[in-house]
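In what follows, a single structure is set out as structure tokens and then discussed.
Sequence lines set the chain letters: A, B, ... in the order given, protein chains first and strands last, and positions in each chain run from 1.
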Protein chains: 2
Amino acid sequence: MAQDGKRRAGATPGASAAARARPPSMADVAALAGVSGQTVSRVANNRSNVDEATRERVLSAMKMLGYRPNTAARALATGRFRMIGVVTFDLRAHGNARVLESVVSAVQDTDYSVSVVAVRSHSEQAVREAFDRLSTQAVDGIIVNEPQMLDTAALRLRSDLPIVVVDRDDRHRYPAVGSDDAEGVRAAVTHLLDLGHHTVAHLAGPQDSYPARRRAEAWHRTLKDAGRLTPPVDYGDWSAESGYLIGRQIAERPDVTAVFAANDQMALGLLRALHEAGRPVPDDVSVVGFDNLAESAYFLPPLTTVNQDFEEIGRQSVALLLDQMESAPAEGTAPRGAAAVSVAPRLVVRGSTAPPRA
Amino acid sequence: MAQDGKRRAGATPGASAAARARPPSMADVAALAGVSGQTVSRVANNRSNVDEATRERVLSAMKMLGYRPNTAARALATGRFRMIGVVTFDLRAHGNARVLESVVSAVQDTDYSVSVVAVRSHSEQAVREAFDRLSTQAVDGIIVNEPQMLDTAALRLRSDLPIVVVDRDDRHRYPAVGSDDAEGVRAAVTHLLDLGHHTVAHLAGPQDSYPARRRAEAWHRTLKDAGRLTPPVDYGDWSAESGYLIGRQIAERPDVTAVFAANDQMALGLLRALHEAGRPVPDDVSVVGFDNLAESAYFLPPLTTVNQDFEEIGRQSVALLLDQMESAPAEGTAPRGAAAVSVAPRLVVRGSTAPPRA
DNA sequence: GCGCGTGGTACGAAGCTTCGT
DNA sequence: GACGAAGCTTCGTACCACGCG
């Protein structure tokens with residue numbers, strides 16, 4: 001076989017298995033298969049110009065030795081890491097966890113891996129730090145799961161890596177993928193109007209959140225387009241607790257017959273507040289949420305809500321990122337056109353909505 | 001300055017910025033600072049034997065060039081990747097997402113990164129594939145978030161990497177970190193007995209889940225220790241839907257005055273079933289859950305449940321893993337003693353439990 | 001000649017390129 | 001077109017040696 005005995009003593013097949021500590025290298029495979037390292041490399045990278053028979057020999061040698069290409073060496077040689085970085089916020093938030101899940105899942109269908117960095121606060125400082133970690137670490141592209149970015153200045157980062165932002169916002173110049181919130185909100189509010197409600201109150205997310213703002217704006221616009229009055233908005237912080245606290249105030253407004261909450265958690269708090277105030281849902285007040293938690297179908301009453309297709313969002317962001325990575329191989333900063341992908345949400349009608357009392 | 005002009009043409013300071021595409025390497029920093037690459041390496045790794053003045057020079061050169069050490073090259077040279085792999089199941093499950101969150105957070109306090117691999121099914125095949133991915137990829141240790149492993153054979157993996165399993169189970173020989181389920185269950189069941197209930201029914205998780213089994217066993221033992229009868233167990237699948245479906249049957253058993261559900265989601269379904277059957281909670285039936293979802297405090301009624309300290313679990317698993325990684329530097333398979341860390345759960349009493357009707 | 005601050009060189013594992021058969 | 005051999009590249013680190021107090 002090959003004569004690279006000078007490289008290391010134990011590499012010859014004759015050596016006992018006792019010295020097996022270091023993982024097998026390409027040279028080991030080559031020796032066992034009786035081919036050159038070059039050919040092993042060709043097989044490992046699925047090149048076409050290898051004879052089927054030798055390919056088989058090499059593959060079985062790989063299997064026998066349990067050979068795994070050394071990622072570090074490959075990355076060093078190619079300059080690419082086969083790794084996608086994900087910057088995410090609080091995973092306790094349902095949507096964030098779902099997005100991460102679907103991104104991981106989508107990436108798994110490629111030969112990339114995922115490295116996750118969590119941002120603990122919404123400060124520009126924290127976000128910048130996360131990016132720093134990722135660019136120090138070896139990633140070829142970054143997906144930013146940014147459902148509540150305080151200020152977009154934080155997104156103006158020095159980084160020549162391809163980036164995709166999840167949860168569409170037009171304030172920045174990066175390609176983005178997100179739910180078409182406006183469409184979902186429109187469906188929700190229209191559903192309530194169609195049921196006969198004169199207007200719809202809004203329990204919004206925090207004012208410094210872009211998604212919250214978008215939903216509030218869409219709510220406002222839908223009412224306006226329908227020629228309805230727009231009640232004053234209440235702002236929560238996405239939590240069930242805030243929904244409950246604000247809900248107690250809403251419950252005291254006898255004119256309110258329908259409420260659109262910016263997420264299901266706040267809707268849950270609202271349901272409890274209305275219940276305690278003796279205002280039955282949906283007989284007295286209708287409630288619509290946003291997100292479609294797994295639990296929402298079992299709230300009392302089951303919650304009408306807007307379902308977001310997180311799977312699709314994950315798939316699309318990964319696709320968009322890979323796209324960029326392939327088209328701009330270290331081209332520097334060239335966010336070509338900043339594509340924006342909208343994923344359609346879907347209204348799920350359940351028991352928390354009904355026509356207003358006669 | 002240095003004389004490595006042979007390495008690449010554009011590296012000399014005189015070259016225009018036009019050729020700047022490749023990130024700056026150590027040699028660039030060395031050239032700019034007028035030292036050897038070796039010294040740059042020393043500074044980058046915070047070694048002590050560098051003169052304070054040269055250290056400053058090197059640091060400012062790094063800053064000026066925006067130098068970042070190349071992870072791949074470093075890994076190749078050292079044989080360590082500074083990366084921890086996490087194998088996780090469905091992130092839609094609250095607990096899994098929480099564990100991932102806390103693991104990521106804990107790792108972030110070290111200079112390691114996290115690579116996430118998701119397992120889509122509970123088959124040994126899928127788990128093995130996940131491990132394969134991780135060992136192909138560059139990780140120094142693995143944390144397995146395994147709250148519902150079908151069979152532990154799947155955990156008997158060829159992998160000489162340090163491993164920590166989250167969600168303690170004694171069927172395998174790996175170090176593990178998890179909630180002390182038995183203790184949490186005991187607290188929950190005892191709470192109900194103390195309220196005056198003669199016995200407590202159990203809405204269990206799926207039979208092929210170890211955590212579910214552990215909780216069921218602890219429930220059984222607690223009742224037995226108290227000398228109470230143990231009603232037949234009903235098995236759900238963790239989902240609110242299964243809780244609802246089984247709950248409808250439970251609601252028809254007039255003897256049932258208290259139910260312990262193996263998680264909050266099933267408890268939610270149960271609450272709804274009891275409500276629909278006209279059996280008020282807690283007046284007619286008391287319900288206790290397990291997990292303490294963010295939402296549980298706003299269920300109708302607010303759910304008494306067992307809180308798990310996921311943050312602590314994450315911290316502990318990372319600590320345990322780092323421990324192993326440092327103590328067993330490529331020692332092969334030597335799971336020393338298989339440490340097991342138990343994290344104490346805590347009963348949270350809310351409105352879903354009360355003494356039985358007189 | 002001890003020790004500190006340095007520099008020189010080989011090395012790690014894979015890839016690519018150029019020949020050559 | 002299927003392969004091999006040799007040599008160079010990637011970048012950072014380990015080890016050893018050197019000069020200078």
From the candidates dG15(C), dA13(C), dG12(D), the one with an atom nearest any side-chain atom of Ala77(B) is dG12(D)
Check whether any side-chain N or O of Thr78(B) sits under 4.0 Å from OP1 or OP2 of dG12(C), and answer yes or no.
no
Rounded to the nearest angstrom, tell me the gap between atom CZ in Phe81(A) and atom P in dT10(D).
14 Å
Under 4.0 Å between a side-chain N or O of Thr39(B) and OP1 or OP2 of dT6(C)?
no
Can you name the closest pair of heavy atoms from Arg47(A) and Arg55(A) and give their distance?
O-NH2, 2.7 Å
dT13(D) C1' sits how many Å from Asn46(B) CG, rounded?
16 Å
Does dA13(C) have its OP1 or OP2 closer than 4.0 Å to a side-chain nitrogen or oxygen of Tyr67(A)?
no
Identify whether any heavy atom of Val40(A) sits under 4.0 Å from a base atom; if not, whether one sits that close to sugar-phosphate; answer base, sugar-phosphate or nothing.
nothing
Looking only at N and O atoms, is any donor in the side chain of Gln38(B) or the base of dG12(D) less than 3.5 Å from an acceptor on the other one?
no
Taking 4.0 Å as the cut-off, does a side-chain nitrogen or oxygen of Arg42(B) come that near to OP1 or OP2 on dC4(C)?
no
Which one, dG7(C), dG15(C), dG12(D), comes nearest to the side chain of Met26(A)?
dG15(C)
Are Asn70(A) and dG12(C) close enough that a side-chain N or O sits under 4.0 Å from OP1 or OP2?
no
Residue closer to the 5' end of DNA chain D, Gly37(B) versus Ala73(A) (nearest nucleotide):
Ala73(A)
Separation of atom CG in Asn45(A) from atom C1' in dA13(C), rounded to whole Å:
13 Å
Contact class for Asp51(B) (heavy atom, under 4.0 Å): base, sugar-phosphate, or nothing?
sugar-phosphate
In this structure, how many angstroms lie between the P atom of dG1(D) and the CD atom of Glu52(A), rounded?
16 Å
Minimal non-hydrogen separation, Ser25(A) against Tyr67(A), with atom names:
C-CE1, 3.7 Å
Is the closest basic N to carboxylate O distance between Asp140(A) and Arg82(A) below 4.0 Å?
no
Reckon Thr54(B) has a side-chain N or O less than 4.0 Å from the OP1 or OP2 of dT6(C)?
yes
Residue-phosphate contact under 4.0 Å: Ser41(A) side-chain N/O, dG15(C) OP1/OP2
yes
Using a cut-off of less than 4.0 Å, is there contact between a side-chain N or O of Arg74(B) and OP1 or OP2 of dC11(D)?
no
NZ/NE/NH1/NH2 to OD/OE distance under 4.0 Å, Arg98(B) and Glu101(B):
no
With the side chain defined as heavy atoms from C-beta on, Ser25(B) is closest, among dT6(C), dA5(D), dC11(D), to dC11(D)
Would you name the heavy atoms of Pro162(B) and Met325(B) that are closest together and state the gap between them?
CG-CG, 3.7 Å
Expressed as a whole number of angstroms, how long is the span from Arg80(B):CZ to dT13(D):P?
13 Å
Roughly, in whole Å, what's the span from CZ in Arg47(B) to P in dC15(D)?
10 Å
Specify the separation, in whole Å, of atom CZ of Arg68(A) and atom P of dA14(C).
12 Å
Closest to side chain of Leu76(A), choosing from dT13(D), dG15(C), dG12(C)
dG12(C)
In whole angstrom, what separates Arg82(A)'s CZ from dA14(C)'s P?
16 Å
Scan Arg55(B) against the nucleic acid and name what it touches under 4.0 Å (heavy atoms): base, sugar-phosphate only, or nothing.
nothing
Heavy atoms of Arg57(A) and Ala33(A) approach each other most closely as NE-O, 3.1 Å
